[in-house]
Amino acid sequence: MRKETKLIHGGIFGDEKTGAVSTPIYQTSTFKQDAVGKDRGYEYSRTGNPTRESLEKLINDLEGGKGGFAFASGMAAISTVLMLFNAGDEVIVSNNVYGGTFRVLEKVFKRLGIVSKFVDTSLKDDVVNSITKNTKAIFYETPTNPLMTITNIREISRIAKEYSILSIVDNTFMTPYFQRPIELGADIVVHSATKYLGGHSDVVAGLVVVNSEELAHKIHFLQNAVGGILGPQDSYLVIRGIKTLSVRMERHEKNAKEIANWLLEQPEVEKVYYPGLHTHPGYDIAKEQMDGFGGVISFELKNKDMALKLLNNVKLITLAESLGGYESLISYPAKMTHASIPEEQRLKLGITDKLVRLSVGLENYLDLIDDLKNAIRS
Ligand SMILES: *Cc1c(COP(=O)(O)O)cnc(C)c1O
């Protein structure tokens, strides 16, 4: 099956019992057992629920894994994966990782004895040099948020195998429609399904896919033991979102390319970060490992005042955190998504006070360009 078809027919299509085409919402906490020790595949909805299972099988098919798992948020998914590790273990993490991931590593897992080492994972030597006998995993995003740094998934996967450590990729920005890390050798993929997979800014959810039965057992154990599961209503919403992922991602990308090229020509804009631009430092690797470049663009204006003017004067584009919905959202990483990163470190990463992030929606791009133009020149 090709990927567009898989979005529709992957996982469990409809409902076996009734023929319902849309996945039913099994709004139940528990399931009748026919005799002691004899159930029909489900016992209790924390352990397994048919609506959630439908989503879990779908994301597993899309990523090409050996087990999929759905959680109450991207952070619940990421935290559950991090619970694979023990006190004394070290994890190598992309230095410009999502702010919430940075926070949970530094304020929660560090307290439990799991040490994070933040490195630029696009630099292979820096990754290799950070590996010690205690290193258990490399956790990274590609492209990163918000600067769109590209890490070579094949290369990092190879290093991880060589040192017998896990490689974990946060694939939120690309979705399996544009990038499938497990096919490139990664062990675990995590998602904030709140973004493109859900796609309608109406649900918070997280997903995990693993590349082995052994990891599937471990993650299922943790999912059931810790309990951060996704409910049936929200599982349904994510399935519904995924059905239209192909048409949405194509349009997000088409619009983003138009806007990135327009931004390059504006005198108020100093720098544009979009992996689809030939001038982007990760362009060649991006082209190799991704089927598309996605819908997020970051750009720097000439100064902070200009950035604030733009952010405060857009009318069609909404000033809000998050990304990946049908509507265009604009945000200010320094004070929003990356506010939990200490200023000194934030500036070192290139997340300056002039930087703006745009999640390009599905509107007509000409209207978006008009809105940006009017806001910058207001
Ligand atoms: C939003 C996001 C998360 C966190 O997901 P939630 O669903 O908000 O908990 C993790 N990683 C990336 C890249 C994100 O954009």
Side-chain angles (χ1 to χ4, degrees), residues 52 55 59 63 69-83 91 93-109 116 118 121-122 138-151 153 168-179 181 186 188-209 223 226 228-231 234-235 237-238 241-242 249 252 256 273 275 290 293-298 320-325 329-333 336-341 349 351 357-361:
R52 192 177 90 222
L55 169 61
I59 192 65
E63 291 284 5
F69 304 90
F71 295 88
S73 68
M75 287 321 304
I78 290 167
S79 300
T80 303
V81 168
L82 292 171
M83 284 174 202
V91 182
V93 184
S94 335
N95 59 1
N96 45 3
V97 77
Y98 175 73
T101 305
F102 177 83
R103 180 173 54 200
V104 81
L105 285 164
E106 284 300 279
K107 304 273 169 163
V108 181
F109 286 96
S116 305
F118 296 94
T121 52
S122 70
I138 306 172
F139 181 108
Y140 62 104
E141 293 168 21
T142 181
T144 57
N145 175 29
L147 295 180
M148 306 289 142
T149 313
I150 304 291
T151 290
I153 300 177
I168 306 165
V169 181
D170 183 332
N171 200 24
T172 300
F173 270 47
M174 282 301 110
T175 81
Y177 187 72
F178 279 153
Q179 174 170 278
I188 301 179
V189 169
V190 297
H191 281 284
S192 169
T194 313
K195 313 296 167 55
Y196 289 107
L197 293 173
H200 294 72
S201 303
D202 54 7
V203 62
V204 173
L207 298 167
V208 174
V209 181
Q223 184 190 39
V226 180
I229 51 147
L230 190 65
D234 288 346
S235 296
L237 282 172
V238 178
I242 288 175
M249 292 311 284
H252 282 301
Y273 299 91
M290 290 149 46
F293 301 105
V296 179
I297 303 170
S298 292
E321 299 211 7
S322 199
L323 58 105
L329 300 179
I330 198 162
S331 73
Y332 192 44
M336 295 165 77
T337 47
H338 291 66
S340 52
I341 298 178
L349 293 173
I351 305 169
R357 187 189 76 189
L358 180 65
S359 168
V360 181

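Each ligand, and each atom within it, is numbered from 1 in the order the structure gives. For clarity, every value in this text was computed on a predicted model and none was experimentally measured.
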Is it true that a side-chain atom of Ser359 and a backbone atom of Gly324 form a donor plus acceptor pair closer than 3.5 Å?
-> yes

Tell me: protein heavy atom nearest [atom], and distance?
atom	value
atom 15 (O) of ligand 1	Lys195 NZ, 2.7 Å
atom 7 (O) of ligand 1	Thr194 OG1, 2.6 Å
atom 4 (C) of ligand 1	Tyr98 CE2, 3.4 Å

Take every heavy atom of Asp170, measure it against each atom of ligand 1, and state whether any distance is under 4.0 Å.
->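 Yes.
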
Is there a heavy atom in Ala77 that sits closer than 4.0 Å to ligand 1?
-> no

Closest non-hydrogen atom pair between Ile153 and Pro181, with its separation = CG2-O, 4.0 Å

Going by the atom numbers of ligand 1, which of them fall below 4.0 Å from some non-hydrogen atom of [X]?
X	result
Met75	4 (C), 5 (O), 6 (P), 9 (O)
Gly74	5 (O), 6 (P), 7 (O), 9 (O)
Ser73	7 (O), 9 (O)
Ala205	7 (O)

Compute the ring centroids of Tyr196 and Phe173, then answer whether they are less than 6.0 Å apart.
->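 Distance test on ring centres: not under 6.0 Å, no.
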
Would you say the side chains of Thr144 and Thr149 form a donor-acceptor pair under 3.5 Å?
->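 Yes, because at least one side-chain N or O of Thr144 sits under 3.5 Å from a partner of the opposite role on Thr149.
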
Looking only at side chains, do Asn171 and Glu63 share a donor and an acceptor under 3.5 Å apart?
->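 Their side chains do contain a donor-acceptor pair, which is all the 3.5 Å distance test asks for.
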
Please determine which of Thr142, Ile150, Val296 meets the side chain to side chain contact (heavy atoms under 4.5 Å, CB included) test together with Pro275.
->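 Running side chain to side chain contact (heavy atoms under 4.5 Å, CB included) over Thr142, Ile150, Val296 with Pro275 returns exactly one hit, Ile150.
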
Could you tell me whether some N/O pair between Thr101 and ligand 1 is separated by less than 3.5 angstrom?
-> no

What do you reckon, does Leu323 have a nitrogen or oxygen under 3.5 Å from a nitrogen or oxygen of ligand 1?
->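 Looking only at distances, the answer is no, because the N/O contact criterion of under 3.5 Å is not met.
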
With rounding to the nearest 0.5 Å, note down the distance linking NE2 in His191 to CG in Leu197.
->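 With rounding to 0.5 Å, NE2 (His191) is 5.5 Å from CG (Leu197).
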
So CG of Leu323 and OG of Ser331: to nearest 0.5 Å the spacing works out to 8.0 Å

Where on Ala193 is there a heavy atom closer than 4.0 Å to ligand 1, on the side chain, on the backbone, on both, or on neither?
-> neither

